[in-house]
4 protein chains.
Amino acid sequence: MKKDRSEKYEEFLDAAISLIEEKGFDNTSVSQIVQRAGLAQGTFYLYFSSKAALAPAIAERIVEDAMARGEKKKLNQAENSKDFLRGLIELVFEITEDYQQIITFLYSGMSYYHSLEKWEAIYDPYYQWLEKIFEQFQKKGELRKKPDTTIMVQFTLGILEQSAETCYLFKRNNGDVDKIKKDLLEFILKGFEENTTA
Amino acid sequence: MKKDRSEKYEEFLDAAISLIEEKGFDNTSVSQIVQRAGLAQGTFYLYFSSKAALAPAIAERIVEDAMARGEKKKLNQAENSKDFLRGLIELVFEITEDYQQIITFLYSGMSYYHSLEKWEAIYDPYYQWLEKIFEQFQKKGELRKKPDTTIMVQFTLGILEQSAETCYLFKRNNGDVDKIKKDLLEFILKGFEENTTA
Amino acid sequence: MKKDRSEKYEEFLDAAISLIEEKGFDNTSVSQIVQRAGLAQGTFYLYFSSKAALAPAIAERIVEDAMARGEKKKLNQAENSKDFLRGLIELVFEITEDYQQIITFLYSGMSYYHSLEKWEAIYDPYYQWLEKIFEQFQKKGELRKKPDTTIMVQFTLGILEQSAETCYLFKRNNGDVDKIKKDLLEFILKGFEENTTA
Amino acid sequence: MKKDRSEKYEEFLDAAISLIEEKGFDNTSVSQIVQRAGLAQGTFYLYFSSKAALAPAIAERIVEDAMARGEKKKLNQAENSKDFLRGLIELVFEITEDYQQIITFLYSGMSYYHSLEKWEAIYDPYYQWLEKIFEQFQKKGELRKKPDTTIMVQFTLGILEQSAETCYLFKRNNGDVDKIKKDLLEFILKGFEENTTA
DNA sequence: CATGAATGAGACTTCATTCAT
DNA sequence: GATGAATGAAGTCTCATTCAT
């Protein structure tokens, strides 16, 4: 089993992600995955030690995708915290729309299939990257210093993910997605912004 | 299949919840459930039409439990919004600690096993109950009017659940749970409180 | 378990026959039968020692029904062999139309569920009754003497049942049922009638 | 699932036929079949999509067997209609002796497990083959023209199958099987033969 | 007599994984 | 490396039958 992404590794991952997004992890069989990938049953086990090994691989893929999109959006070059947050909101909503089911599965599958350390290692770069940006704006004096950036990232991602999920899962608030985003922006800013009124 | 909660219905539910909490839904078999419940295999199907029918039943149970605990905590009689939120934070953290895995499963199982309408019907009383309390404090002038209570509840529950989950799943912030709760309180209040400083 | 036909005994039999006719014996469960009969699960076993005990009871019912219809048609008072056969053809087609699936099941279930002697005892009155009529016409000189009446009955019933079954099962020959009946009449008469041409 | 008769496909079919012959279709389980075939449980489903898929496969096998035996007997090269019929009687009795229970099951299982069209397609070659032979003798002037060959075949097969079944199922007429065959021959000839006496 | 909740054996089927080619 | 037929354990669910009320 090689982990350095070969062509077939990626094909299996693509197939797996699209199937799990459609039917959930447990309702997706290895044979469906290999069929969609157009490869042979046995070949799967040349690239993944087991079906369960897909979970961290998928998480990795999503984290990388999120960061790539964030950099394409030039989040770290945002002029001010408001613009940055606006971009982050877009990012989280996009990712959630694309990987909704997968993400929820990843949360539920985490503890059973793998060690938590493994998961933390996977998500760490993403968190670190965001913390760094928050720090920038703290230094610039746009954001408060009190909850440290770890917490800020945690809270921000928390509401954003949950809200995006609610938006796409239950299609209530339908059409008002933009209003939700606006409310979120305001809510988070109020929570973290330096009191500029004083 | 009778759904009016009989003694055995509850026994099956107890067994199912504890097992799913331990191993996840798909890794829990009906035979394990009946074994833990001390009943016969066939009896299970007298109370649940299928294994999948457990999901909404569990959700119902949790919602009822949450509301019962909330009422015991007299959340709706809180003197001010700060006390109320403090209580709500406690509530969400407690529920999450007890039902952590189950809740994540419920999110992931929703779309595959049942209609969204069913889920909304189950969760509705809980949301309504909270919205009503938020309204009280809006009327008292303690909370802002702008994001309507639906959104307030959604955001508040969103960060609380996500944060509690993060706390208990990854045991980082360990010991600092109290600090997290304090930060959450402050963050939410800043986001929704009427500017009393002016 | 009483075998002398009580009201409930007949109700179970009615329910069983209609269900088996719809879905076959093995796809019909005792619980479906009691439900259609409007009685309780346990009550079934007061009237039938087991599900398998239905088979001979049903056969009995059909044989009785066939003979009752035959007597109502006054088959034994037919003026000549042609009229008699015409009536018999009608009878077999009617019975087959009403009990099609059941009859085939009875054939297939015979050997597994019960002793052949039991079956012969059930069908015997029917055969005897027909043999007696054939004899009348033999004595009158309308039918040949050579294949004895046992064989005549066997052959006649054989083609009639098979043909009726084919007509109703495969709906080919559709509409031509009358033509089939005419052909059957002619065929059987040619086979058994005394050569009146000489 | 491959249907092109592989070695294992035939092994499963052999095992299934012998078991069903012994105990009937519904009393035969897939595990018994695989056990008798000496293969694994899962392998069965590589060759048959379900247990029900056995039914048409078995029918196909029997039809092919019947035609192969018929050709070996050179039925279509019979010198006259009498010889042909004698051969056909032998054939039907042999087949019925070998596949007695199976054939009855096929009749009863037809409607529940599969579309009638499927069944007709399976049996069609057999009927066509026989019709062609009957036609030969019609053209030679040995058989009457009036009931068309479709009907002739239907009637002939009808009595033969029913009689053979009766012979082997109820073992009455025991020893007299030859007499039955003689009577059948005479009966059918009388029914279809051209009046050569005139 | 009648009831119907409870039982538990057993049926069908799926699927992750292996291994000879 | 790649293949895909074969495996057999395990899962969900049904159902004939019993028995306490």
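The basis for the numbers below is simple: all heavy atoms, side chains too, and nothing from hydrogens, waters or symmetry mates.
When distances are taken from the side chain of C:L46 to each of F:dG1, E:dT7, E:dC1, the shortest belongs to E:dC1. Taking only side-chain atoms of D:S31, from C-beta outward, the nucleotide of F:dT3, E:dA11, E:dA2 with the closest atom is E:dA11. Among the nucleotides E:dG8, E:dT13, F:dC13, the one closest to any side-chain atom of B:A40 is E:dG8. In the set E:dA5, E:dT13, E:dT3, the nucleotide with an atom closest to the side chain of D:V30 is E:dT13. For D:Q41, taking side-chain heavy atoms from C-beta onward, the closest of the listed nucleotides F:dG8, F:dA16, F:dT12 is F:dG8. Between F:dA2, F:dT14, E:dA16, one nucleotide has an atom nearer to the side chain of A:Y47 than all others, and that is F:dA2.
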Apply side chain to side chain contact (heavy atoms under 4.5 Å, CB included) to residues C:T43 and C:V34 and explain how you reach the verdict. CA-CA 8 Å; C:T43 311; C:V34 300; over 6 Å; no
Could you walk me through whether C:R36 and C:E22 pass salt bridge (Lys or Arg N to Asp or Glu O under 4.0 Å), step by step? CA-CA 13 Å; C:R36 181 162 299 185; C:E22 287 166 29; 2.8 Å; yes
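We find that CD of D:E7 is positioned 15 Å from P of F:dA5, with the value rounded to whole Å. The distance between atom CZ of C:F44 and atom P of F:dC19, rounded to the nearest whole Å, is 18 Å. Taking atom CD on C:Q35 and atom P on F:dA16, their separation rounds to 13 Å, with Å as the unit. When rounded to the nearest whole Å, the span between CG of A:N27 and P of E:dT14 equals 13 Å. Here the P atom of nucleotide E:dG10 and the NZ atom of D:K23 are 12 Å apart, to the nearest Å. The separation between C:E11 atom CD and E:dT3 atom C1' is 16 Å, rounded to whole Å. Separating the OH atom of A:Y45 from the C1' atom of F:dG4 is a distance of 13 Å, rounded to the nearest angstrom. Computed from coordinates, the C:I33 CD1 to E:dG4 P distance equals 17 Å when rounded to whole Å.
For the pair A:D65 (side chain) and A:R61 (backbone), a donor-acceptor distance under 3.5 Å is absent. For the pair D:E10 (side chain) and D:E7 (backbone), a donor-acceptor distance under 3.5 Å is absent. A donor-acceptor pair under 3.5 Å is absent between the side-chain atoms of A:Q101 and the main chain of A:G24, judged by distance alone.
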Applying the Watson-Crick and G-U criteria (both distances under 3.5 angstrom) with [ ] for crossing and | for other-strand pairs, one obtains for DNA chain F .||||||||||||||||||||
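Within the cation-pi definition used here (under 6.0 Å to the ring centroid, within 45° of the axis), C:K51 qualifies as a partner of C:F25.
Residue C:S29 is in sugar-phosphate contact alone, with no base atom involved, counting any heavy-atom pair closer than 4.0 Å across all strands shown.
Remark on DNA chain E: of its neighbouring residues A:K51 and D:F25, the 5'-side contact belongs to D:F25, judged by nearest-heavy-atom nucleotide. Both D:A52 and C:K8 lie close to DNA chain E; mapped to their nearest nucleotides by heavy-atom distance, the more 5′-ward contact belongs to C:K8. Comparing B:Q32 and A:L39, the nucleotide of DNA chain F nearest to each residue sits closer to the 5' end for A:L39.
The aromatic rings of C:F48 and C:Y9 lie parallel to each other, with less than 30° between the two planes, well short of the 60° mark.
Enclosure of atom CD in C:Q35 is not indicated, since only 12 or fewer non-hydrogen atoms of other residues, nucleotides or ligands lie within 6.0 angstrom.
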